[in-house]
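Below is one structure, written out as structure tokens; comments come after it.
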2 protein chains.
Amino acid sequence: MPSITNHVRRLRFDANEMSQKALADAVGVTRQTIIAIEKNKYSPSLEVAFKIAQVFGCSIEEVFFYQ
Amino acid sequence: MPSITNHVRRLRFDANEMSQKALADAVGVTRQTIIAIEKNKYSPSLEVAFKIAQVFGCSIEEVFFYQ
DNA sequence: ATTATATGTAAATTATTTTTTACATCAAGT
DNA sequence: ACTTGATGTAAAAAATAATTTACATATAAT
């Protein structure tokens, strides 16, 4: 139960309905990792957070929200 | 060997010579975690990254650098 | 001289993140 | 009817992050 929320799913749909697998491939992780992040099962490592933000062309703070 | 560098040590000295322990306490981790991050032994979790940035009053991107 | 604070290093353990594998349902297209 | 792609769920294993503990050196202050 992480204290960090995120807009990954929203951003994924905004990004031309990008699929979980497409995002996973773009980021370089497995689909399970994307699912876990979207479902807030845990929050990602800083490296994965950077990569996700990069794929969506925004800053970490625009994707992930602390508190 | 993380592909992320950081300015934690620099920011710590800029912040009135804040000690490793003072930063660790402010962030809510142990001194070993701060040491590991400063020495680039590994990069922190997203949560710890957010807290460190918060302590220094800046964004994650001003503390941590991807690539 | 001794106390206190800051830093350095190291190693074992615990906790968390990520991968791997597997199978399920649903909808769209052929 | 069948195939394909997208999503959902689950659980074990592997990888990485973080804690705990311990001891070392150095410097500054009393």
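Letters A, B, ... are given to chains in the order of the sequence lines, protein chains preceding strands, and every chain is numbered from 1. Since the model is a prediction, treat every value here as computed from it, not as a measurement.
Regarding B:Ile35, its CD1 atom lies at a distance of 16 Å from the P atom of D:dT21, rounded to whole Å. Look at CG on B:Asn40: it is 17 Å from C1' on C:dT9, rounded to the nearest Å. If you take CG of B:Leu23 and P of C:dT7, they are 10 Å apart, rounded to a whole angstrom. When rounded to the nearest whole Å, the span between CG of A:Asp25 and C1' of D:dG5 equals 13 Å. Summarising the geometry, the separation between OH on B:Tyr42 and P on C:dT16 is reported as 14 Å, rounded to the nearest angstrom. Atom-to-atom, NZ of A:Lys21 to P of C:dT19 comes out at 13 Å; the value is rounded to the nearest Å. For the pair A:Lys41 NZ and C:dT16 P, the computed distance is 13 Å after rounding to whole Å. When rounded to the nearest whole Å, the span between CD1 of B:Ile34 and C1' of C:dA6 equals 14 Å.
For a distance-only test at 3.5 Å, the side chain of A:Glu47 fails to qualify as a donor-acceptor partner of the base of D:dA17. Residue-to-nucleotide contacts include no donor-acceptor pair under 3.5 Å from the side chain of A:Glu17 to the base of D:dA6. Below the 3.5 angstrom threshold, one finds no donor paired with an acceptor across the side chain of B:Glu38 and the base of C:dT7.
A salt bridge links A:Arg12 with A:Glu38: the closest approach of a Lys/Arg side-chain nitrogen to an acidic carboxylate oxygen falls below 4.0 angstrom. Under the 4.0 Å criterion applied to side-chain N and carboxylate O atoms, B:Asp25 and B:Lys21 are assigned as salt-bridge partners.
Set against C:dT17, C:dT7, D:dG8, the side chain of B:Gln20 has C:dT7 as its closest nucleotide. Here the side chain of A:Gln32 is nearest to one of C:dT7, C:dT18, D:dA10, namely D:dA10. In this structure, of C:dT7, D:dT9, C:dT18, it is D:dT9 that holds the atom nearest to the side chain of A:Arg31. Comparing D:dT7, D:dT19, C:dT20 by their nearest atom to the side chain of A:Arg12 picks out D:dT7. With D:dA10, C:dT18, D:dT20 as the choices, the nucleotide that has an atom nearest any side-chain atom of A:Pro44 turns out to be C:dT18. The side chain of A:Thr33 approaches C:dT19 more closely than any other nucleotide in the set D:dT19, C:dT19, D:dT7.
If you check every strand for non-hydrogen atoms under 4.0 Å, A:Ser19 touches sugar and phosphate atoms only.
With DNA chain C read from its 5' end, the first of the two nearest nucleotides for B:Ser45 and B:Lys39 is the one closest to B:Lys39. Residue order along DNA chain C, read from the 5' end via each residue's closest nucleotide, puts B:Arg9 first among B:Arg9 and A:Leu46.
Annotation: A:Phe64 is not in aromatic contact with A:His7 [ring centroid separation under 6.0 Å not met].
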Trace of the side-chain contact (heavy atoms from CB on, under 4.5 Å) decision for B:Val63 with B:Cys58: CA-CA 7 Å; B:Val63 184; B:Cys58 50; 3.5 Å; yes

Verdict with reasoning, B:Lys51 to B:Phe56, per side-chain contact (heavy atoms from CB on, under 4.5 Å): CA-CA 9 Å; B:Lys51 285 186 196 160; B:Phe56 291 130; over 6 Å; no

